[in-house]
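Scroll down for the structure; my scribbles are underneath it.
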There are 2 protein chains.
Amino acid sequence: MTEPKIQDVARLAGVSPSSISNFLNNRMGQMRPDTQAKIQQAIEQLGYRPNNAARQLKTGVASMVGLLVPSLANQFFGALACAVETAAARHGCHVMTFSTFRDPDRERAVMADLLAYGVKGIVTGSALSDTEHLVAVTSRCPVVAFDIKRNDESHARIATISMDNAAATTLAVQHLVTLGHRAIALVTPPPYTLNRQERIRGFLQAVGAAGIAGELVIADATDGPSDPHGDTRLFELGRSAAARIVTAASRPTAAIAINDMMAIGIGVGLKQLGRRIPADISLIGIDDIFFCAAHDPPLTTLRQPIQAMADAAVQRILAPDEKPDGALFAPELIVRSSTATPPR
Amino acid sequence: MTEPKIQDVARLAGVSPSSISNFLNNRMGQMRPDTQAKIQQAIEQLGYRPNNAARQLKTGVASMVGLLVPSLANQFFGALACAVETAAARHGCHVMTFSTFRDPDRERAVMADLLAYGVKGIVTGSALSDTEHLVAVTSRCPVVAFDIKRNDESHARIATISMDNAAATTLAVQHLVTLGHRAIALVTPPPYTLNRQERIRGFLQAVGAAGIAGELVIADATDGPSDPHGDTRLFELGRSAAARIVTAASRPTAAIAINDMMAIGIGVGLKQLGRRIPADISLIGIDDIFFCAAHDPPLTTLRQPIQAMADAAVQRILAPDEKPDGALFAPELIVRSSTATPPR
DNA sequence: CTGTTAGCGCCTTCAT
DNA sequence: ATGAAGGCGCTAACAG
């Protein structure tokens, strides 16, 4: 239970602690090979590992970046966390992840915890419930946001990573139009976030450009069970929205969901209503979470390039001098089996 | 970018640093209320947060536990990470999570990283690819495993948290037998882990006790794409195993999958073969991941009490003196719509 | 090329 | 009830 320290290694190797330190930090510029060998052997013999706390205290920086997500139990954010971990590893960094459960107080608290750990920067995939507070954090370390509510001047110091949300819905509409659809619905929760607003804008624009009917279905259910993990709510919202798609005035033959979770809910709702997908109605999601492939039928979707986005987010923090890797990331249309030509 | 330190607070509050320290550690025994108030105000005014690295260096322990999972992109382990985070929070602890991607070298490396951070203990949900190494780690800090390959004497120092795996399959069989099934298949990858062996044992035993036919389908595909995230492989294995269920000599009218991911794959495969669930064949999974509810039809499953298990794992590390909270956790049968009476 | 030294920010006796 | 002092393990000058 008592770890060997740098002095123990130095003693065993017959050199001074600073040589060990140099060795550990790859400052081998002027070190004789035999010294290196001795050090290496002493380290292994003792099973020595440098104490991160001491190192951090001395250097002032941890080799950690912080990550905030609504919940790791949410498939999308689990995948995001995985991508961020991979991205950080490329820079020799570790990731400390916190779930906020969409609780503003908890969000504030874990931000403070992250700061106390001396993280090099914070990536947040959690909605910004308290903009003021987040902005304050930027004075302590770089902050990169994946989801942002507004995009005004107060966020100048918050870097934003985003897919081209308008392009996603535009591509979806174009795919559907090519298939022959003339009336399409977009199903979304209330557009509180910029992401959603952009998706709506892209939808409206594409539908207008194609000269077809666009039906906006805002699914809002305050009666649902509270949902700290963020999965259930969207799913349920989608399921209950299915009826509104079916009864919409413009008689849509296809539905675009604000994301895959909602699409899956819509799929279940539609089937309960006796509609077949895609024979009666086509369905498209956004994100490309794993279960799109397992859905019945496999779900056509617009894939978010999560790894590329995570790479960019981490790069903004750990290598801010490199060229900012693109502003908006392009969604990729993944055609599976939930879209087809409209009935009749 | 430069954090206030304890001295700054002391100066502003007009007291000594140690009073601040006492305040921070709730050693308020002899402190005058007005002093406390001054300190409190100074802290808020400066936005002061104690430096974790310094605290840890001094006290020797971090308030962190480590968590190893194959990948957070895997739904089950995302949920597990979430549960562990919640459990640790109850003890005022944070969690540092690493994905191993089932790479033994990486597993070793991140274990070492965790040790270097001075974690209080390590929870591993990753298969033990290198038992020797893990055992070595137990001399540095407590280790709790969720999934273990063997259970021999060498693991005496590794605490194990497990659902009663045999009970899960037994319950599944009993549920099916009650429904009227007389021939049941268990579909599993090769039983490399104790978990799987136990599930098989429970299955065989229950099937024998009921006097019905039990078909063991070992799905083994080395030709599949490598799958660092662990989702795809099981899904694909399930899908390709569907044909073997259908053609099995005992003509099973129901299938139990080793877990939900595989069950979902089996479901897709069965449908591709033209079989309806549950009309033609019943299907049961194990775990109760979120998508069971979204599956078509909603999947009957044996729920793992993840939160209770996470609580127990964390307790073993952070409060080892309390009574060990049960050895085996009971699975809970969640009946949805994928099971019904057999055809004819 | 390697050893010596002086803290990093905090906590913990021990005095006061 | 509060202040002073030493050191946790490591790194980064600077000596030698």
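Reminder, nothing fancy here: chain letters follow the sequence lines and each chain counts from 1. Since the structure is predicted, the reported quantities are computational estimates derived from the model, not experimental observations.
Rounding to whole angstrom units, CZ of residue B/Phe23 and P of C/dT12 are separated by 16 Å. Rounded to whole Å, the distance from CG on B/Asp8 to P on C/dG9 is 9 Å. Straight-line distance from the CZ atom of A/Arg11 to the C1' atom of C/dG3: 15 Å, rounded to whole Å. Taking atom CG on B/Asn26 and atom C1' on C/dC10, their separation rounds to 16 Å, with Å as the unit.
Here A/His94 contributes atom NE2 and A/Asn52 contributes atom CG; the two are 7.5 Å apart, rounded to the nearest 0.5 Å. The CG atom of A/Leu80 sits 9.0 Å away from the CD atom of A/Gln304 when rounded to the nearest 0.5 Å. One finds the CD1 atom of B/Ile39 at 4.0 Å from the CD1 atom of B/Ile20 (value rounded to the nearest 0.5 Å).
A close approach under 4.0 Å does not occur between any side-chain nitrogen or oxygen of A/Ser16 and OP1 or OP2 of C/dT4.
Taking all atoms of both residues into account, the shortest heavy-atom contact from B/Ser99 to B/Pro70 is CB-O, 3.7 Å. The two residues B/Gln307 and B/Ala83 have their closest heavy-atom pair at NE2-O, 3.1 Å. Contact between A/Ala81 and A/Leu67 at its shortest, heavy atoms only, is CA-CD2, 3.6 Å.
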Checklist entry - When you look at A/Lys5 and A/Asp8, which way does the salt bridge (charged side-chain N to carboxylate O under 4.0 Å, His left out) test go after all the steps? => result CA-CA 5 Å; A/Lys5 29 190 90 168; A/Asp8 300 325; 5.9 Å; no
Next on the checklist: Within the 4.0 Å limit for protein heavy atoms, which parts of nucleotides 8-16 of chain D are touched? Write it as a string from 5' to 3', B for base, S for sugar-phosphate only, - for none.
Outcome noted: BBBBB----
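Within residues 31-45 of chain A, no residue is approached by DNA chain D to less than 4.0 Å at the level of any non-hydrogen atom.
For A/Thr160 and A/Ser162, the side-chain atoms include no donor-acceptor pair closer than 3.5 Å.
In the helix from C/dC1-D/dG16 to C/dT16-D/dA1, the terminal helix axes, each the rotation mapping four pairs' C1' atoms onto the next four within five end pairs, subtend 40°, rounded to 10°.
At a threshold of 4.0 Å, the pair A/Arg49-A/Glu44 does not count as salt-bridged, since none of the basic side-chain nitrogens sits closer than that to a carboxylate oxygen.
Tested against B/Arg316, the residues B/Val144, B/Val143, B/Asp311 include a single side-chain contact (heavy atoms from CB on, under 4.5 Å) partner, B/Val144.
Side-chain atoms of B/Asn74 come within 3.5 Å of backbone atoms of B/Phe76 as a donor-acceptor pair (strictly under, hydrogens ignored).
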